[in-house]
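Reading through the structure tokens given below for one structure.
We use all heavy atoms of the structure for the numbers below, so side chains are in, but hydrogens, waters and symmetry mates are not.
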Amino acid sequence: MRINVDRDICCGAGMCVLTAPDIFDQSDEDGLVVLRRQPEAAEADVAREATQLCPTGAISVADEG
């Protein structure tokens with residue numbers, strides 16, 4: 001799984017951080033999404049949920065493999 005974040009369309013809602021705080025964070029400077037790390041296989045479901053909850057679609061998931 002590979003997660004991509006587009007900070008240009010992020011609105012800083014923070015749903016990703018609330019849903020998957022081990023994977024996402026928000027920048028202290030502007031509040032926009034920051035990808036902390038790629039999720040482990042066991043975290044795939046929560047990463048996908050965070051992606052679906054993003055109100056602007058700034059986060060996308062691509063399966064590798």
Side-chain angles (χ1 to χ4, degrees):
M1 164 180 276
R2 176 147 189 89
I3 295 181
N4 298 303
V5 298
D6 185 341
R7 291 174 46 87
D8 289 335
I9 61 173
C10 175
C11 69
M15 296 304 295
C16 55
V17 179
L18 293 172
T19 306
D22 291 335
I23 301 170
F24 300 98
D25 199 356
Q26 288 179 283
S27 168
D28 290 336
E29 295 176 10
D30 55 16
L32 301 181
V33 63
V34 175
L35 180 62
R36 296 179 67 191
R37 61 179 178 76
Q38 293 296 325
E40 302 292 328
E43 300 170 308
D45 287 344
V46 73
R48 284 190 179 90
E49 182 180 358
T51 300
Q52 293 172 352
L53 291 173
C54 178
T56 61
I59 303 168
S60 61
V61 173
D63 289 318
E64 296 180 329

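The CD atom of Glu43 sits 6.0 Å away from the CG atom of Asp22 when rounded to the nearest 0.5 Å. In this structure, the separation between CG on Leu18 and CD on Gln26 is 7.5 Å, given to the nearest 0.5 Å. For the atom pair CD1 of Ile3 and CZ of Arg37, the computed distance is 9.5 Å after rounding to the nearest 0.5 Å. The line from CD1 of Ile59 to SG of Cys10 is 7.0 Å long, rounded to the nearest 0.5 Å. Taking CZ of Arg48 as the start and CE of Met1 as the end, the distance is 3.5 Å to the nearest 0.5 Å.
When all heavy atoms are compared, the tightest approach of Ile9 to Thr56 is O-OG1, 3.0 Å. Taking both residues in full, the closest heavy atoms of Phe24 and Leu35 are given as CE2-CD1, 4.0 Å, listed atom of the first, atom of the second, then distance. Here the closest heavy-atom approach between residue Ala47 and residue Val61 is recorded as O-CG2, 4.5 Å. Summarising the geometry of Leu32 relative to Cys11, their closest heavy-atom pair is CD2-C, 4.3 Å, with the distance given to 0.1 Å.
Residues satisfying the salt bridge (Lys or Arg N to Asp or Glu O under 4.0 Å) test with Arg2, not counting sequence neighbours, are none. Scanning for salt bridge (Lys or Arg N to Asp or Glu O under 4.0 Å) contacts around Asp6 gives an empty result, with sequence neighbours left out.
Placement of Leu53 and Val46 in two distinct hydrophobic clusters is found when ILVMFWY residues are connected by side-chain heavy-atom separations under 4.5 Å, directly or transitively. Side-chain heavy atoms closer than 4.5 Å link hydrophobic residues (I, L, V, M, F, W, Y) into clusters, and following such links, even through other members, never connects Val34 to Met15.
Looking only at distances, a side-chain donor or acceptor of Arg7 sits under 3.5 Å from a matching main-chain atom of Val33.
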